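Have a look at the structure below, then the notes.
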Amino acid sequence: MPEARGIRPVETPALDPTPGQTVGPFFGFALPVPGGAEIAPAGAAGAVRLHGRVLDGAGSPVPDAMVELWQSDTDGAVVQQAGSLRRSAGEFTGWGRAATDADGWYEFWTRVPGGGFFSLAVFARGLMHRLFTRAYLPTAASDPWLSTLPQDRAGTLVARAQDDGFVFDIHLQGDQETVFLDFSARDRR
Amino acid sequence: MPTVGVMTDTVRQPVDASTPDVTQAQISAQMEDAAQSYLRGLADHGRRELHPRLDYPAYRSSVLRHPTKDPVPVDPEGVELWSPVFGERDVAAVEADLTAVHAGEPLGERIVVTGRVLDAHGRPVRRQLVEVWQANASGRYAHQRDQHPAPLDPNFTGVGRCLTDDQGWYRFQTIKPGPYPWRNHRNAWRPAHIHFSLFGTEFTQRLVTQMYFPGDPLFALDPIYQSILDPAARERLIASYDHDLTQPEWATGYRWDIVLDGTRRTPTEEDVDA
Ligand SMILES: [Fe+2]
């Protein structure tokens, strides 16, 4: 595990950020790579499946979205291992990328994160800027930060257990809209 | 093969029954309203919007795809304070040359695009992955779903990758992409652009964006570019022509620096000694 990093008091950033833009409809031939979503070998001992659908405000699947997963290893360690684009057998990098299929499903094979949640970034045609969220393990549902959210909102961040792993749907909009995260809020206070 | 169309009197035109019925004038009016209301708000309270509006109906596909609730402020923790690591084994050096992928030379204007990836404090993002993808010189993507009747180039795919160096520099050699039509509204055209995907030193800095070329006449008409309401912010997406990067008898040069959102974690020695 690399040395611990803490949160420091915010300094005023010197430079304004380059703005984001939508990933558009044509990322499919560029960003997803073969095996990119198989962070652990599918079906191997200790491997779990994290999958779900990306849905729009009408509840329709989003077939041109992309989800990126970044997570700690089973013991909670942050992995700093190259190779996510060209994987070697048995090596765990903690990062993967999955495009949604025609029915809006994304799917990863990975390990259970010791840190309690899967960290996700979501991209799609029609989505102007990436969104961040967390898929908490069902066993982490009593997380103190989660309990600061209204119960129905907190529920959108908890994955559901299944035989081979977890299901986590991402609602971009609507009654069940997923909680998305603002990591920069403190910078503006 | 895409359907190219039929000969009309003298000009060959595409035949397409499904032209959207929304006009550029309607989209432009919507964009103008959003721009004016942003500038009024800025004068009132001074809060700049440094990223695009998620709720920007002039880009019609965004209507059902933007969250309606505010994102929840949270301090990054655990893995979020770190970024995935990429290395030489993820990226071959030749992947930075998009003109060298096939046996022949692609058609179009050969260009060099280079710049630095920095964090909000001006520190270089070192040894990190930069990915690009783009249309060919005719404005056509080598993507199954792009069916616009412009030619594919058998010598151009339009995908590149590289790692930044120790000073945060990336560099690609490619072909200047053409503008292309899309179905947002009738006669909608995207300004020429290269898609960029970036990582920082922290997961919270993850960025996907688009780089544009100076002086494009389509900027004012494009709801994707205009979804960034702050004029100074959206101009950060425009590369500058740099004659010092231009190579005699070979390629013109563009410079584009990228600044990622601020980091929250304690800088390590490695970050600081830059
Ligand atoms: Fe594009």
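Numbers restart at 1 for each chain; the letters A, B, ... are given by sequence-line order, proteins then strands. Remember, it's a predicted structure, so these values are computed and weren't measured experimentally.
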Practice item. Under 4.5 Å, counting heavy-atom pairs only, tell me which of A/Ser60, A/Gly28, A/Gly24 racks up the most with chain B. Key: A/Gly28

**Study point:** Contact winner vs chain B - A/Gly83, A/Pro113, A/Gly115, heavy-atom pairs under 4.5 Å
**Key:** A/Gly83

Side chain, backbone, both or neither of [X] within contact of chain A (heavy atoms, under 4.5 Å):
X	answer
B/Asp257	backbone
B/Ala142	both
B/Leu118	side chain
B/Asn184	neither
B/Glu235	neither
B/Thr68	both

Check your understanding: Do A/Arg86 and B/Glu88 meet the salt-bridge criterion of a basic N to acidic O distance under 4.0 Å?
Key ->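 Salt bridge between B/Glu88 and A/Arg86, a charged N being under 4.0 Å from a carboxylate O: no.
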
Point to revise | Short N-O contact, B/Lys69 and A/Asp175, less than 4.0 angstrom | key: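 No salt bridge links B/Lys69 with A/Asp175.
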
Can you find a heavy atom in the side chain of [X] that is under 4.5 Å from one in the side chain of [Y]?
X	Y	result
B/Arg234	A/Pro19	no
B/Val208	A/Arg130	no
B/Val72	A/Thr148	no
B/Arg53	A/His129	no
B/Phe86	A/Thr93	no
B/Ile228	A/Met128	no

So, for [X] and [Y], which heavy atoms are closest and what is the spacing to 0.1 Å?
X	Y	answer
A/Phe29	B/Thr157	CE1-O, 3.1 Å
A/Val78	B/Gly78	CG2-C, 4.4 Å
A/Trp145	B/Pro73	NE1-O, 4.1 Å
B/Thr209	A/Gly20	OG1-C, 3.7 Å
A/Gln173	B/His66	NE2-O, 2.8 Å
A/Ala82	B/Arg89	O-NH1, 3.7 Å

Hey, what do you get for [atom1] ([X]) to [atom2] ([Y]), rounding to the nearest 0.5 Å?
X	Y	atom1	atom2	result
B/Arg48	A/Asp16	CZ	CG	4.0 Å
A/Leu15	B/Ile258	CG	CD1	13.0 Å
A/Asp182	B/Asp70	CG	CG	9.0 Å

Practice item. Kindly say whether the aromatic ring centers of B/Phe199 and A/Trp70 come within a distance under 6.0 Å. Key: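 Ring centroids of B/Phe199 and A/Trp70 are no less than 6.0 Å from each other.
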
Report which part of [X] has an atom under 4.5 Å of a heavy atom belonging to chain B: side chain, backbone, both, or neither.
X	value
A/Leu120	backbone
A/Leu31	both
A/Arg87	backbone
A/Phe27	both
A/Gln71	backbone
A/Thr178	neither
A/Val54	neither
A/Val179	side chain
A/Phe26	both

Exercise for review: Classify the side-chain pair A/Thr18/B/Arg236 by whether it contains a donor and acceptor separated by less than 3.5 Å.
Suggested key: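 Not at all, the side chains of A/Thr18 and B/Arg236 share no donor-acceptor pair under 3.5 Å.
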
Practice item. Among B/Pro52, B/Pro84, B/Pro71, single out the residue with the greatest number of heavy-atom pairs under 4.5 Å to chain A. Key: B/Pro84

Check your understanding: If you count heavy-atom pairs under 4.5 Å with chain A, which of B/Pro67, B/Ser62, B/Gly87 comes out on top?
Key ->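 Looking at each of B/Pro67, B/Ser62, B/Gly87 in turn, B/Pro67 comes out on top.
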
Is [X] reaching over with its side chain to a backbone N or O of [Y], donor-acceptor style, under 3.5 angstrom?
X	Y	value
B/Gln210	A/Thr22	yes
A/Asp56	B/Leu64	no
B/Arg65	A/Arg125	yes
A/Ser72	B/Val79	no

Review point. Is there a ring pair (Phe, Tyr, Trp, His ring centres under 6.0 Å) between A/Phe183 and B/Phe203 once you walk through the steps?
Key: CA-CA 10 Å; A/Phe183 293 120; B/Phe203 189 63; 7.7 Å; no

**Study point:** B/Ser227 vs A/Gln21, side-chain contact (heavy atoms from CB on, under 4.5 Å): CA-CA, chis, key distance, verdict
**Key:** CA-CA 9 Å; B/Ser227 68; A/Gln21 292 266 267; 3.8 Å; yes

Practice item. Take A/Ser184 and B/His51 through the test side-chain contact (heavy atoms from CB on, under 4.5 Å) and record every step on the way to the result. Key: CA-CA 12 Å; A/Ser184 66; B/His51 284 294; over 6 Å; no

Point to revise | Stepwise side-chain contact (heavy atoms from CB on, under 4.5 Å) test for B/Trp133 and A/Val23 | key: CA-CA 10 Å; B/Trp133 69 104; A/Val23 75; 3.8 Å; yes

Check your understanding: If you draw a 6.0 Å radius around CZ in A/Arg160, do more than 12 non-hydrogen atoms from other residues or ligands fall strictly inside?
Key ->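 No, the 6.0 Å shell around CZ holds no more than 12 heavy atoms from other groups.
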
